[in-house]
Amino acid sequence: MIALFAGSLLSVTLGVALVQSSLLLLITAATLDPPAGLGAAERMEFSDNVTAAVAMLGVILGIATFLAGFIISSTFAFTVAQRRRDFALLRLVGAGRGQVRMRLLREAVVLGGLGAAIGVPAGLVVMAAQAALMRRMGFVPAGFAGEWRPWILAVSFGTGIALSLAGAMVAAHRAARVLPLEALRETGAAARVMTATRWIAGLIFLGGALALIIVAPVGGPGGGAAMAMNVPMPAAIAAAALSPLIVPLLGRLLPTGSGVIGALARANLWDARRRSASVAAPLIVLVGLVVGTAAAGASFTDAGIGELQRQTRADLVVTATGPVGPAIAAVPGVASASTELSVPATVDVGDESFSVSALVVDPAAYARAHSVELAGLRGHAVAAGPGGEVPAKGSVRLALPDLDLGAVPVVASVPATISGGANLLLPPGLVPDRLLAAAPAQSFVTLAPGASAGTVRAALARIGTVATAGDWLRADATARSEVNNKIMVSVMGIGALYALIGVVNSIVIGAAARRREFAAARVGGLTRSQVLRAALVESSAVTVAGILLGGLAAAGALIAAARTTSAVTGTTTVTMPWTLIGAVCAVALLVTGTTSLITSWSATRPAPILLLAARE
Amino acid sequence: MTRADAAVTLSAISRVYGRGNAAVRAVDNVTLEFARGAWTAVMGPSGSGKSTLLHCAAGLERVDSGRVLLGDTDLTAARDRELTALRRTRIGFVFQSFNLIGSMTAAQNVALPLRLAGHRPSAGLVRDTLAAVGLADRAKHRPRELSGGQQQRVAIARAMITKPDVLFADEPTGALDSSAAAVVLDLLRTMASGGQSIVMVSHDPVAASRADAVVFLRDGRVVDRVAGADALEIAGRLASLA
Ligand SMILES: Nc1ncnc2c1ncn2[C@@H]1O[C@H](COP(=O)(O)OP(=O)(O)OP(=O)(O)O)[C@@H](O)[C@H]1O
Ligand SMILES: [Mg+2]
């Protein structure tokens, strides 16, 4: 009983803490003012970074809310299932359905309030950890720290109570339908696990995941990636909801040679489908979310890298500052060079104003260096770049750091790419030289036939840093993968920890109700170590099942990524983050194994006869 | 026996578990009246349908056909809300496993049905009810601090506090040794003699011999009945069924 309440309370507390922390960080980032004394260009860059951080924190908040809702409701459903007999007993002595339901909802309010009371201070600790992580990953400025807002108290208590109530709602409905007769069945409820709610939720979310997988390829590089990354959530919910169908089946696959222990574990898996499903649920979400998102992210990153490699036509890449184009073109042995100067800009489309990255290019050279068509870009006009987001037709209002260019027609566009890049391409002459003096410049240089690479390199080295195109692409690929990894760690790290705690929670809750079962097995002739081993085999089987089902959810994201990369770049790209997968599996097995050993060890400490004698 | 004399009337009730080849007719077309103010025992071999019959008679289990009347109230037509109300006011239960709530004291367990019905039972009423089962001094104890026989007497007190029309008991002495069982049977005898209707399932001829009448079941059917028989005769009849 204590374990049930403590378990529910823990799930609410951590959920509130995580949501509060993510929300406070988001608000802090969104209201961040640029430090005094920045120039116009630096201010634009600062606000670009803030926009990126806010977007990332928005995703983090979304995941936190999703996890909190999922873990709280699955924990509540589990504790209520464990208390079926109590509710049946109450019904037997005259409790009405409404009374059972009200009792649970009242409990939910108390747990929600209590969870928020502990969750608010805990949230401050989580916030410090999350902010430190984001600082370390370089997504926020060095001094960034979440700020306390008084109104968050109301939000956190509201979140705690609302999530508990929502989580308890379905469970309370089920509890109210418990038949009084169930109190009399000695061996606990053989209640149906695959309820209508589970079927409906499972099928709806499965449909949602399939829809995302189907639609992703037509979403373009940006939308398709977003859809693919969102597949794991509905897919994991569907897998968790339908898991009672599948987990016990996997139990049958346990090696039959494992004798009495294997037989006991197999029987338990079948008989305790509810418990197995409850342990598997957070695991499915953990594996599905972490592996699915990471694998999809890695696939898109690799697709972008491959795309860039196929499209870039250059021998050398020069990185310099300012309008170095003429100087590079003048170096003997240079056949052509696309020099691209990067400037921040703000674009208004309709009522919306957003900051974009713009490149000042030589259209002909750019088209050659990047295998695209870019005709007609000259004068007072712009082209939509490979970064997308800007309409390919019509006109946009364009402002540079301290220069309003007014309405400018969009006269051309290059296809949006997965690797992204500039949103706008500007012709030479549109941007005054004073704005270009300090602009970062990148030149893609093609050598004249017969020119000596060494000589040209030496000459170019006086202008900027020179790398062969191969080296530059490799360095770019490494940088992209690193950024992708950092994003994954920032977005998933703390959520994954929460899901892992949810797994431990379910095992502890499940073990609390198993003292009698263990005692019966020991009276039936099993030694304590055999009981412990059976519990370990059972928990490992459930873990493997959870990993496999989570893997299925992750596979959904990978399929969406494969289809999208194929549609956008023409090459199907699938990257399996094997190290991460191995680590997730190992941690999951280790944590569930250890927890189940500890809990069953402590549940078998009293002499079995004491437990069997107490027939309350 | 007229309708008004029956505490519970079963008219042609059947209860089938499973379907097709696996179907078990746990109760097979039973018509039976349990007399008001009397203690009736239901006996039969294991699996003969005794518990199922009791559950059907108490409105805990639906019947597949036939009708169950509690006094004049038709349980087969009753909705959950009405059945709940009946459990609070007119039906009491005692079972082999005592089914007390472990986290509550004896007094709290006894007061529970009235509290669920929205009443605040006086401390005096709870004390008197516990005293009636001989446990006045154990009010503050939790179930795990009581012996099996004491727990069962708390369960009886809990069933009796609502002054039910009928007390249903399934093997109330099944988990008790003979001396604890004797205390419980004495208690039931006193209640029955005071006019309480009791329907009790038992496989113990000694327990059944304390009842006013005994009904014998086999394969879900009533096959014999006897009134005022002693334990030896009951044991003989039971043996002839097996
Ligand atoms: N929930 C159920 N599902 C399927 N079959 C059931 C169920 N409950 C009882 N039965 C079957 O119905 C028959 C009668 O069961 P019941 O429990 O009424 O017997 P009983 O006379 O009380 O036996 P005992 O003396 O062993 O308690 C048995 O064959 C039993 O297997
Ligand atoms: Mg029985």
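Lettering follows sequence order; numbering is per chain, from 1. Note that these values count all heavy atoms, side chains included, but never hydrogens, waters or copies made by symmetry.
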Measure the [atom1]-[atom2] distance between [X] and [Y] for me, rounded to the nearest 0.5 Å.
| X | Y | atom1 | atom2 | answer |
| --- | --- | --- | --- | --- |
| Q99(A) | R88(B) | CD | CZ | 4.5 Å |
| F95(B) | L89(A) | CZ | CG | 9.5 Å |
| R91(A) | R87(B) | CZ | CZ | 5.0 Å |
| L92(A) | N99(B) | CG | CG | 6.5 Å |

Using a cut-off of under 4.5 Å on heavy-atom pairs, state which of D80(B), D170(B), L60(B), L83(B) scores highest against chain A.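 If we count pairs closer than 4.5 Å to chain A, D80(B) comes out on top.
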Other residues, nucleotides and ligands only: do more than 12 of their heavy atoms fall within 6.0 Å of [atom1] on [X]?
| X | atom1 | value |
| --- | --- | --- |
| H141(B) | NE2 | yes |
| R97(A) | CZ | yes |
| R90(B) | CZ | yes |

Are any non-hydrogen side-chain atoms of L181(A) and H55(B) less than 4.5 angstrom apart?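 Contact flag for L181(A)/H55(B) side chains = yes.
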Side-chain heavy-atom pair L116(B), V93(A) within 4.5 angstrom cut-off: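 Side chain of L116(B) against side chain of V93(A), heavy atoms only: contact under 4.5 Å found.
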Based on non-hydrogen pairs under 4.5 Å, which of A88(A), G98(A), G94(A), A95(A) is most in contact with chain B?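 Option with the top pair count is G94(A).
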